[in-house]
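Written out below as structure tokens is the structure these notes cover.
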Amino acid sequence: MELKAEKYRSDDGISFIEPYLNILMVEDNPGDVLIVKELIISSGTKFRLTHASNLKETFAYCGEKEFDVILLDLGLPESTSLETLKKIKVFRIDSPIVVMTGLDDEDTALAALREGAQDYLVKNRLTSDNILRSIKYSIERKKIQDFLKRHAHQFSVLSSATASLSICEDVQSILKITCESINLLLDYANVIGIEPENQISARVSYADWLIPWHEEIKRHTGFDIKNPVIQITRSWNELVDSFGDGKLHELEGGLYDIFEGVIDRNECTELEKTVGIYNIYAFGLIKAENIYGGGIIFSRELIPSDDLNIIETITTQATLCIHRRSIEKDLRLSEYLFKELNKELERKVIERTTDLETANKLLQLELMERIKAEEALKKSELQLIELNATKDKFFNIVAHDLKNPFTSLIGSSELLYDNIGQLDTNSIHKLALLLNDSAKSGYAILENLLDWSRSQTGLLKYNPEKLNLSKLIDENISNVQLFASNKDIALIHQKNDYIYLVSDKCMINTILRNLLSNAIKFTDRGGKVVISTENNKDEVIISVKDTGIGISRENIEKLFRLDSKYSLPGTENEQGTGLGLKLSKEFVEKEGGRIWVESIVNQGSVFNFSIPLQK
Ligand code: ADP
């Protein structure tokens, strides 16, 4: 109606000029028809009036042609009041309607306006002027209504397409929405979507509307809509070069522009006539990651330029959406790669950090070891200094002790030498005895000192051998037996035949000799010395017990210390060396054992030492 109406419009598009008005009057009263006809004639307007006396005739006439206006009497034999208007609307009659009512029925007339009538005329007040005015007004009003409706429709299609496209994820959905939107917009046209199948074939989608012409299309083109994969004559890249901009391109050559080289021009024209194609547009093939899609619009009427603009807006948007998706995809890929790279970097950093931590720990361990070694060195240095100081003191003591026997040796030998002529045998005998004692005492000091110095300088080699302990003790007892007998001291050995040691015989002898001679030396005449052995699990303990003078607690502490001197003459003034116990401790420790004393003053002492048993 709209397009047809265009053809009758003047250039300025405002004034209403046409050869004649094409009027349908729906009226069961022929008298009323006559009056209306006369009134229009009297206005001088050119017109053709068709009269329908009932609804059936109305539908029949409207099916044949379009009327510029319908004058509708609401009170027909088969239908009255608003029902009449509603029935006409159901039949989708699009011409503007002016309802004709009676004097007393203006309310119905107003309701009819709400139901879609453009105007109303009151039958009893009809004049030539108001009929014509009402007809023109209705036609103009209908035009404006259609115009608004069309724009509202365009707006709704565009906004729904925009909303849907913005959330589309893939090319197929974008293409589908684009085709659907165009179909919604143009009810007199149809769209087919084209998706790439591969470089040489394409898939035709959303083309169900072609089904009625299935046979004709197949006959002319060989293309089967039911198997919609078609060979393409040009590669996608070429097509994209021509159309890949998202814009609308009118195919001037019609179908031949599509089927050139496949079917001839006449066939194309034939097919266009069969399907009723007025115009063909291809909307831009849309590009994404080397995949392209597009569509072809087949129109059976002239597409107004504003619809073309809207279609182009939609196709451009679709193209932009695909580009955006493609960019987003690239972005996601870049993001993914970036994250992967970051992960790799983090992994490397962790790896390096772990390496560094390990190296650091090793370094710290090394540092701690070094500190420990340095501390140990310092400690041993200190011990060495202490030991040296102790030894210096010790040598002072020994040198001082050596002086005594030598002073006595020198004194008594001088006395003998100076007075040998005047001295009687008894005095000479006494001096000779003194000489002998002093020499023995000096020798004993030297003997111990020699053993000591050998042990300190490493000259005294440690020679372990299997020793029968009882036998060894017996030998040492026999060495001091004479000394004990002279003092009337009993030497008792509490034997244990089964103890065998693996030790250095010389060292054990030195220890036993010193302990036994001390026990005799510091025990009064008539006393007793008992030697006993005890076999523990890991060691043997040898004890020398006497009934002698004993040693006080504070003196016990001095016995084994190198830096202190504690030496007393024996009960019969026997001289000592002050070295025996120190040497004994040295040897016991060399054997891996211990030495200790239990003593009560005036009751006696027990000197114990242990030697580890070899497994
Ligand atoms: P010396 O006996 O030659 O003086 P020692 O080192 O053997 O040197 O002994 C040091 C001192 O320990 C002795 O002088 C003595 O005073 C005391 N002593 C050692 N053994 C005994 C003992 N069995 N009873 C009492 N005193 C002892």
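When a ligand or atom number is given, it counts from 1 through the structure's own listing order.
Side chain of K487 to main chain of T523: a donor-acceptor pair is present (N/O by atom type, distance under 3.5 Å, no hydrogens or angles).
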Side-chain donor-acceptor pairs under 3.5 Å in residues 421-433, sequence neighbours left out?
residue: D424; atom: OD1; partner: N426; partner atom: N; Å: 3.4
residue: D424; atom: OD1; partner: S427; partner atom: N; Å: 2.6
residue: D424; atom: OD1; partner: S427; partner atom: OG; Å: 2.6

Name every donor-acceptor pair, under 3.5 Å, that has one atom in a side chain of residues 587-608 and the other anywhere in the protein, sequence neighbours excluded.
residue: E589; atom: OE2; partner: K585; partner atom: NZ; Å: 3.3
residue: E591; atom: OE1; partner: Y462; partner atom: OH; Å: 2.8
residue: E591; atom: OE1; partner: S503; partner atom: OG; Å: 3.2
residue: E591; atom: OE2; partner: D504; partner atom: N; Å: 3.1
residue: R594; atom: NH2; partner: E539; partner atom: OE1; Å: 3.3
residue: R594; atom: NH2; partner: E539; partner atom: OE2; Å: 2.8
residue: W596; atom: NE1; partner: E598; partner atom: OE2; Å: 3.2
residue: E598; atom: OE2; partner: N608; partner atom: ND2; Å: 3.2
residue: S599; atom: OG; partner: I551; partner atom: N; Å: 2.8
residue: S599; atom: OG; partner: G604; partner atom: O; Å: 3.3
residue: S599; atom: OG; partner: S605; partner atom: OG; Å: 2.8
residue: N608; atom: OD1; partner: S543; partner atom: OG; Å: 2.7

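The side-chain hydrogen bond (donor to acceptor under 3.5 Å, both in side chains) check on S334 picks up nothing, with sequence neighbours excluded.
A salt bridge is defined here as a Lys NZ or Arg NE, NH1 or NH2 lying under 4.0 Å from an Asp or Glu carboxylate O, and E475 with K471 fails to meet this definition. Remark: K582 does not engage E586 in a salt bridge, criterion side-chain N to carboxylate O under 4.0 Å.
The residues lining ligand 1, counting any heavy atom closer than 4.0 Å, are N518, A519, K521, F522, D546, I549, G550, I551, L559, Y566, S567, L568, G576, T577, G578, L579, G580, L581, S605, F607.
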